[in-house]
Amino acid sequence: MSAEDTLLYLDGVSVSFDGFRALNSLSLLIEPGEMRAIIGPNGAGKTTMMDVITGKTRPDTGTILFEGKTDLTAMREAGIANLGIGRKFQRPTVFENHTVWDNLELALKAPRRPLKTLTYAVGRDDRLRIEEILDITRLSPKRERQAGSLSHGEKQWLEIGMLLAQDPKLLLVDEPVAGMTDAETEQTARLLKDIAGKHSVIVVEHDMVFVRELGVKVTVLHEGSVLAEGSLDAVSANQQVIDVYLGR
Amino acid sequence: MLTRFLLLGLDKKAGVLLAVLALLAVAVPVMALGTAPDSPWHLSTHSVALMGKYLCFALLALALDLVWGYVGILSLGHAAFFTLGGYAMGMYLMRQIGPRGVYGNPILPDFMVFLNWKELPWYWHGFDQFWFAAVMVMLVPGALAFAFGWFAFRSRVTGVYLSIITQALTFALMLAFFRNDMGFGGNNGLTDFKEILGFDIQAPATRVGLFVATVVALAIGYILASSIVASKLGKVLVAVRDAESRVRFLGYETERYKLFAWTLSACMAGVAGALYVPQVGIINPSEFSPASSIEAVIWVAVGGRGTLAGAIIGAVLVNFGKSYFTAALPELWLFALGGLFVLVTLFLPKGILGLAAQLRQRLPSRGAVAAKPAGQKGV
Ligand SMILES: Nc1ncnc2c1ncn2[C@@H]1O[C@H](COP(=O)(O)OP(=O)(O)OP(=O)(O)O)[C@@H](O)[C@H]1O
Ligand SMILES: [Mg+2]
């Protein structure tokens with residue numbers, strides 16, 4: 001497959017922190033509409049991969065292309081986000097002093113320039129969309145609560161809701177079910193499967209039950225590069241993967 | 001759309017504050033001009049000027065709270081913008097002296113004649129016109145803030161480092177304005193004003209007029225700031241304060257937002273300085289001193305950071321206390337101020353307004369909403 005047909009194209013991406021290689025010549029292709037699960041032991045570089053895609057960290061070498069043409073390595077965070085790349089952080093980060101509603105309003109797809117936000121008024125469409133997301137994330141009764149007062153799981157959901165509000169082409173979701181009950185985990189899996197198709201999704205998760213639930217192609221990262229790729233059953237049977245997980 | 005925007009920020013607290021300001025704008029002229037000097041209701045010209053001065057400081061505190069309370073930029077140099085606005089107004093007032101100066105030069109202010117200057121420096125041109133000075137009062141602090149913010153925010157200087165360079169900015173300006181060859185009167189500054197817009201600057205009616213102008217400026221500043229913080233832009237500002245990098249990942253260029261609030265705040269501070277100078281009758285480089293900016297931070301902290309109204313209350317109360325203390329126990333004032341700051345930080349982290357909100361919450365009958373606390377930086 002050539003770079004033009006991909007939504008996201010990473011080739012030979014390396015990042016070092018004080019001589020430590022967090023990403024080591026990483027290559028990854030994501031097709032439009034695809035959902036991909038990324039697994040790997042702690043410190044494999046999963047979060048760092050999201051950092052280089054979203055402009056938080058600049059790669060030392062390598063190519064990162066969005067929609068086959070836009071070079072992300074030359075852009076800043078806000079510009080990358082406005083291309084249509086949204087992110088949920090490993091540690092849920094919401095705006096704690098704002099209400100649940102305001103968090104969603106801030107994330108909602110709308111012009112981002114100061115003069116536009118100064119004169120912004122919630123229109124009917126925007127209100128309906130926020131209501132819809134509140135229902136999807138089951139946060140409707142808590143819409144007026146300050147986000148800081150939500151439980152860990154609720155913050156996870158709010159952040160997923162913010163991702164939906166942003167309506168990005170590519171969603172990067174870092175450990176969405178950490179701290180969730182089994183029932184919540186199952187709901188989250190269903191939600192992400194709904195989203196995929198219209199959007200492309202990259203999910204990082206340690207929870208194998210959840211990954212199995214997703215039922216998508218899996219990429220195993222280890223020491224900053226791809227160790228194996230394929231269905232969950234295939235990679236689980238891969239001897240190298242078994243060694244890496246058991247070796248810890 | 002403009003009315004909708006302006007009504008956005010007006011809650012009950014704002015209503016009370018604006019009512020008090022309206023009352024002042026009516027009562028003070030009546031008491032100062034409409035009563036006999038021996039009446040117990042009479043306000044002396046001195047008192048009017050003193051109250052006017054407090055309200056100028058209140059406008060400075062309001063400007064500071066907009067950036068510190070809502071964007072998390074702890075400016076330790078806001079007095080610089082205030083003083084620049086003051087100098088712009090002072091230059092106009094100097095040009096109004098005309099031939100009534102000691103040396104009787106119709107064009108050159110006394111200090112220039114004294115320095116043997118033959119003609120007016122280029123940057124003094126235009127200041128004989130009030131409208132020009134009025135524009136410069138906002139344009140000069142605004143342009144400096146814009147340039148400063150453009151570089152600082154773009155290079156992502158934040159926190160303590162940003163505070164330190166704001167302090168360095170005001171210190172550098174102080175040193176520059178102390179120099180005679182800068183053309184701003186050196187360490188004497190600008191003084192001996194005679195007239196403003198043709199009115200005798202010492203006359204009680206002029207003093208009352210300046211006081212009312214200050215009340216109006218403060219009310220406008222308050223309405224503007226309240227509307228901004230209540231708008232979606234205001235929500236972005238608070239989000240930047242609490243988790244700037246998260247805001248970037250939502251696609252907002254946070255530098256633009258900070259620059260907007262910072263520049264607007266500097267313009268407001270400039271207006272405050274411009275109203276201050278004719279009421280106190282002098283502007284000199286000591287207003288640039290780092291301590292002035294730090295005092296302004298204390299006013300905001302005492303009143304309640306991130307509440308706007310608290311900044312106004314804090315500025316008035318602390319300066320009232322300062323007038324009292326410096327008359328009664330002048331050598332103790334700095335200790336009192338320092339002690340006050342320590343006490344407020346330890347026991348009233350949300351200031352007087354935060355305390356009021358807490359007390360109201362304890363009383364179950366009144367369902368008041370607590371002021372939003374100023375959060376910590378995250379992400
Ligand atoms: N900013 C940084 N400075 C220094 N080292 C870093 C930095 N960010 C990540 N690292 C290191 O890079 C390695 C990869 O980290 P990363 O967070 O990407 O792992 P991960 O796969 O997301 O792990 P986990 O499953 O625990 O979240 C780790 O060893 C980490 O300590
Ligand atoms: Mg991680």
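Keep in mind that this is a model prediction, so the values were computed, not measured.
Between A:Arg76 atom CZ and B:Thr254 atom OG1 the span is 8.0 Å, to the nearest 0.5 Å. With rounding to the nearest 0.5 angstrom, the CZ atom of B:Phe249 is 5.0 Å from the CD atom of A:Glu77.
With a 6.0 Å radius and a threshold of 12 heavy atoms from other residues, nucleotides or ligands, B:Arg156 has its CZ atom above the threshold. With a 6.0 Å radius and a threshold of 12 heavy atoms from other residues, nucleotides or ligands, A:Met180 has its CE atom above the threshold.
Nearest approach of B:Leu250 to A:Phe95, heavy atoms of both residues: CD1-CE1, 3.7 Å. The heavy-atom pair separating B:Lys232 from A:Ala110 by the smallest distance is NZ-CB, 3.8 Å. Between A:Leu118 and B:Phe260, the shortest heavy-atom contact is CD2-CZ, 4.2 Å.
Among B:Leu233, B:Leu259, B:Leu237, B:Val247, the residue with the largest count of heavy-atom pairs under 4.5 Å with chain A is B:Leu233. Residue with the most contacts toward chain B among A:Ala81, A:Gly148, A:Ala78: A:Ala78 (heavy-atom pairs, distance under 4.5 Å).
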Between A:Arg112 and B:Val236, does the side-chain contact (heavy atoms from CB on, under 4.5 Å) criterion hold? Intermediate values first, please. CA-CA 10 Å; A:Arg112 294 307 203 212; B:Val236 177; over 6 Å; no
Between A:His98 and B:Val238, does a side-chain contact (heavy atoms from CB on, under 4.5 Å) hold up when you go through it step by step? CA-CA 8 Å; A:His98 280 311; B:Val238 170; 3.7 Å; yes
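Salt bridge absent: A:Arg113 and B:Glu255 never bring a charged side-chain N and a carboxylate O closer than 4.0 Å.
Checking side-chain atoms of B:Tyr252 against main-chain N and O of A:Pro114 turns up no donor-acceptor pair under 3.5 Å.
In this structure, the ring-ring contact (aromatic ring centres under 6.0 Å, His included) partners of B:Phe148, at least two apart in sequence or on a different chain, are B:Trp262.
Side-chain atoms of B:Tyr257 and A:Thr117 include a donor-acceptor pair closer than 3.5 Å.
Residues B:Lys235 and A:Glu105 form a side-chain contact, since some pair of their non-hydrogen atoms from C-beta on lies under 4.5 Å apart. Residues A:Phe89 and B:Arg246 have side chains in contact (heavy-atom distance under 4.5 Å, counting atoms from C-beta outward).
Of residues 156-166 of chain A, those residues with a non-hydrogen atom less than 4.5 Å from any non-hydrogen atom of chain B are, in numerical order, A:Glu159, A:Met162, A:Gln166.
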